[in-house]
Structures are given as C-alpha cells and as structure tokens.
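Naming convention: chains lettered A, B, ... in sequence-line order (proteins, then strands); numbering from 1 in each chain. Values reported hereafter were calculated over all heavy atoms of this structure, with side chains retained and with hydrogens, waters and symmetry mates removed.
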Amino acid sequence: MRLGYACINLSIPARSNHRCLLKNASSGALRRLISQNLAGLREILEYNAARNILLFRISSNVIPFASHPVNRISWEDEFAPQLAGLGRIIAEFNMVVSMHPGQYTIINSPHPQVVRNSLAELDYHRRFLDALSGSACHKIVVHVGGLYGNKARAKQRFIEQCRDMDPGMKRRLVIENDDRLFTAADVLELSHQTGLPMVFDHLHHLAHPSGPERVAEWLLRARSTWEPSDGDYKVHYSDQDPQKKKGSHAHSIDIEKLRCFLAELPDYRVNIMLEGKDKNLSVERVMELLAMG
DNA sequence: AGGTGTCAAGTATTA
DNA sequence: TAATACTTGACACCT
C-alpha cells in the first residue's frame, strides 16, 4: 500500500509550482521557473523517498503555461538531464506519481475550441509523465466534465473523445467521480465504455452518492477496472470539513475514520491519495500510526 | 517586510 | 443577463 499527498510539501521550503502572470511569461522567465520547479520537485521526491512516501501528485504548474502558445520552450530537450534524474528516483524507489489537470480541462465540452485546448493540456501532462517514466502506472486523473443540460449526451461526447484518442495518451488517463455532476455509477459506466480505469474518490462519493451499494462494493468495482499494466488501483481519500459545505476537504485525516475506510478495501495492493489540507503532515502521521514508516 | 488584490482557461448556479 | 463559486496558492504590486 502506498500513501501519498498532492503537490505541496509543508515541511521543507522546496516548491514545484512556481509560476508567473501571463504578461510576464518571457522565455527567460519560463526557463527560470521550470528550472526552479524541477529542482524543487527533486527535493520533494527525495524527502518522500527518505520517509517511504511512495505516492505523489505532481503540480500541473511544474511547466508553467505548458499548453499555451506563449511557452515555446522545448523543455523536454532543454531539461532532459533533470527529467531523467527525477525518473531515476521514481524507478529506484518504485514510486508512483500522478497529475491532475485543473478545472478548465474539459474534454466532453460541446465547444470544439474548449476540447482542443483541453487535449493540448492533456498532451502536456502526458509528455511530462513520459519524460519521467515509460510505465503506464503513472496516471493523469481527470473528471468527466460538464453536463450541458443533458447527461446522456455529455457522457456520449466523453466516450467519443476517448475513442479518437491516441493510445499513448489513453494509457495514461483515469477518470474520477466528482462531488456534483458525475457519480461513481456514472464513472464506472464510462470506464466500461472507454476502457479507462476508475479512481474512486471517497469524499466525492459521500457528497454525491449513487445507488444503495456499500463503499466496499464500489471499491471492488473500481479495482476491477485496472489492468496489471496500470499498476495498483488508486483511490482518493479525505474527510469532510465540518465547518464548510459538502465536499470540502478537511484540514487533516482522522485516523479512526481512515481505519474504517481501509477495512472496506478488497485488498491492500492500492495507492491512496490523502487529500487533506495538511498534505505530507497527515501522510506521515498516518503512516506512523499504521506502522508503515 | 507585510498586506492585499489578482490570476489562461469553463461551467453551473445564483441573483 | 451578469456575477460568483469552484480550490487555492503564489505572485505582483502596494504601503
């Protein structure tokens, strides 16, 4: 079982998500940011390795404006040594990394330009992960997208986009249930129709449940969508923030609630992304309590 | 040095 | 029809 966190380490000053405003995005500024971000990412992965934290989500900002025409840097060539160095760390410790594009990446949009931009953004994520490792266990996690007043048609557009997708892209994609529009049942159905594995997000499922099935049943179904080449199945886990509205991530992870969740898992060959706001702090505390350190 | 408004992009919801 | 939340930190600019 791997436990991991998203994008930011709160224990060291290193960061891999430095960016700039579009108006300041000169080639020089972008090169400096990329260099700084790759160095920061290396420090974070080394920190993780030293603590046996083998799962990490890489910030989409690691290459700023990567899918925007303002960024004309051939970063795969210019930073090939740094990227290869990151890849060696990942391989040496058998780490799994992932990426999660932002809210503007919507491949089921009825607007062709939105889809084109989204595919360009996905292609950037694919190229970044490909630069680190050829293994298909490093995934890009996406949501289904928007509803546009007709869920059946929205799903159909998602399926069509996946059908037309390059196999090199498709092997990196996984779909996750969200907290408002597409439930675990929706995503499972789309997983069967597209061949994309499913990430089960526990908090989103509680915020927007589907059907009478127990969580254990959804976990079993989600696991069944992962092929051996995809690596261990992945779930997202966090607690509800009691102060805020439904679906908001709590500050940290409650160990007793987590133990209950773990008991629902069909098996422990699993990658669990802990999405608490205190990032690696909760991961380290939980690993200590579960005697995983 | 510290405080605050702003930031590439889309969609759904509300006012 | 227009504003705003989403989720959130980092930057840019101001004092």
Side-chain angles (χ1 to χ4, degrees), chain A residues 5-41 44 57-73 99-125 140-151 153-155 157-158 161 176-183 186 201 203-204 207-208 236-241 243-252 273-282:
Chain A
Y5 61 101
C7 304
I8 292 170
N9 182 304
L10 297 179
S11 299
I12 55 176
R15 293 289 180 271
S16 58
N17 56 350
H18 296 284
R19 53 204 169 81
C20 64
L21 300 188
L22 180 58
K23 61 178 180 177
N24 299 328
S26 64
S27 288
L30 290 172
R31 279 199 182 86
R32 276 193 296 280
L33 289 166
I34 294 168
S35 175
Q36 198 179 2
N37 286 342
L38 294 178
L41 179 55
I44 293 169
R57 180 188 301 162
I58 297 170
S59 167
S60 294
N61 271 321
V62 66
I63 310 291
F65 297 107
S67 70
H68 190 286
V70 77
N71 188 334
R72 299 171 49 80
I73 295 171
M99 299 181 84
H100 195 12
Q103 60 190 319
Y104 303 110
T105 302
I106 302 165
I107 61 183
N108 80 338
S109 173
H111 307 107
Q113 192 57 53
V114 173
V115 176
R116 273 196 293 275
N117 292 344
S118 298
L119 293 176
E121 181 73 356
L122 286 184
D123 195 58
Y124 144 60
H125 286 81
I140 303 165
V141 182
V142 295
H143 293 293
V144 180
L147 285 181
Y148 312 92
N150 185 328
K151 186 183 259 192
R153 287 225 297 274
K155 283 178 171 175
R157 280 195 304 277
F158 184 89
Q161 283 304 324
E176 177 193 349
N177 56 306
D178 67 71
D179 60 356
R180 294 179 310 133
L181 308 178
F182 293 93
T183 64
D186 294 321
D201 186 300
L203 180 63
H204 289 167
H208 191 201
H236 288 179
Y237 180 88
S238 59
D239 293 319
Q240 168 67 45
D241 186 330
Q243 316 285 335
K244 296 196 183 156
K245 61 185 276 199
K246 207 160 66 166
S248 295
H249 299 301
H251 181 260
S252 73
M273 184 62 68
L274 297 181
E275 294 185 313
K277 295 205 175 83
D278 63 359
K279 304 290 178 182
N280 62 301
L281 302 178
S282 267

Output yes when at least one side-chain N/O atom of [X] is less than 4.0 Å from OP1 or OP2 of [N], else no.
X	N	value
A/N17	C/dA10	yes
A/H18	C/dC11	yes
A/S109	B/dT11	yes

**Q.** Exercise: identify the closest heavy-atom pair between A/V62 and A/N37
**A.** O-ND2, 3.2 Å
Q. Considering all heavy atoms of both residues, which atom of A/Y104 and which atom of A/S118 are nearest to each other, and what is their separation?
A. O-OG, 3.6 Å
Q | Residues which pass side-chain contact (heavy atoms from CB on, under 4.5 Å) with A/Q240, listed by chain and number, not counting sequence neighbours | A | A/L203, A/K246, A/S248
Q.
Run the side-chain contact (heavy atoms from CB on, under 4.5 Å) test against A/S252 and tell me which residues pass, sequence neighbours left out.
A. A/D278, A/S282, A/R285
Rounded to whole angstroms, how far apart are [atom1] on [X] and [atom2] on [N]?
X	N	atom1	atom2	answer
A/H204	C/dT7	NE2	C1'	10 Å
A/Q36	C/dA10	CD	C1'	11 Å
A/D278	C/dT8	CG	C1'	15 Å
A/L147	B/dG10	CG	P	18 Å
A/D178	B/dA12	CG	P	11 Å
A/K245	B/dA12	NZ	P	15 Å
A/L10	C/dT8	CG	C1'	13 Å
A/H111	B/dA9	NE2	C1'	14 Å

Mind checking the [atom1] distance from [N] to [M]? Whole angstroms is fine.
N	M	atom1	result
B/dT4	C/dT8	C1'	15 Å
C/dT4	B/dG5	P	14 Å
C/dA3	B/dC7	P	15 Å
B/dA8	C/dC13	P	12 Å
B/dG3	C/dC6	P	25 Å
B/dT14	C/dT7	P	15 Å

Q. Is there side-chain contact between A/K155 and A/F182, with heavy atoms separated by less than 4.5 Å?
A. yes
Q: Could you work out which one of C/dT8, C/dA10, B/dG10 sits closest to the side chain of A/R15?
A: C/dA10
Q. What string of B, S and - do you get for nucleotides 1-8 of chain B, 5' to 3', if B is base contact, S is sugar-phosphate-only contact and - is no contact with any protein heavy atom under 4.0 Å?
A. ------BB
Q: Check ring-ring contact (aromatic ring centres under 6.0 Å, His included) between A/H100 and all other residues, then give those that pass, not counting sequence neighbours.
A: A/H143
Q | With sequence neighbours excluded, residues passing ring-ring contact (aromatic ring centres under 6.0 Å, His included) with A/Y5 | A | A/F56
Q) Quick one, which residues of residues 99-108 of chain A touch DNA chain B with a heavy atom under 4.0 Å? A) A/Q103, A/Y104, A/I106
Q | Contiguous pairing runs of three or more, Watson-Crick or G-U under 3.5 Å, that involve DNA chain C | A | B:1-7 with C:9-15, B:10-15 with C:1-6
Could you pull out all residues at least two apart from [X] that satisfy side-chain hydrogen bond (donor to acceptor under 3.5 Å, both in side chains)?
X	answer
A/R57	A/E275
A/S109	A/H111
A/S238	A/H249

Q: Indicate, with a heavy-atom threshold strictly under 4.0 Å, whether A/K244 touches base, sugar-phosphate, or nothing.
A: nothing
Q) With a non-hydrogen cut-off below 4.0 angstrom, is A/N61 in contact with a base, only sugar-phosphate, or nothing? A) nothing
Q: Could you name each residue pair satisfying salt bridge (Lys or Arg N to Asp or Glu O under 4.0 Å) that touches residues 60-70 of chain A, not counting sequence neighbours?
A: none
Q | Pair A/S67, A/N117: side-chain N/O donor-acceptor within cut-off below 3.5 Å | A | no
**Q.** Inter- and intrachain pairs under side chain to side chain donor-acceptor pair (under 3.5 Å), touching residues 21-34 of chain A, at least two apart
**A.** A/R31-A/E78
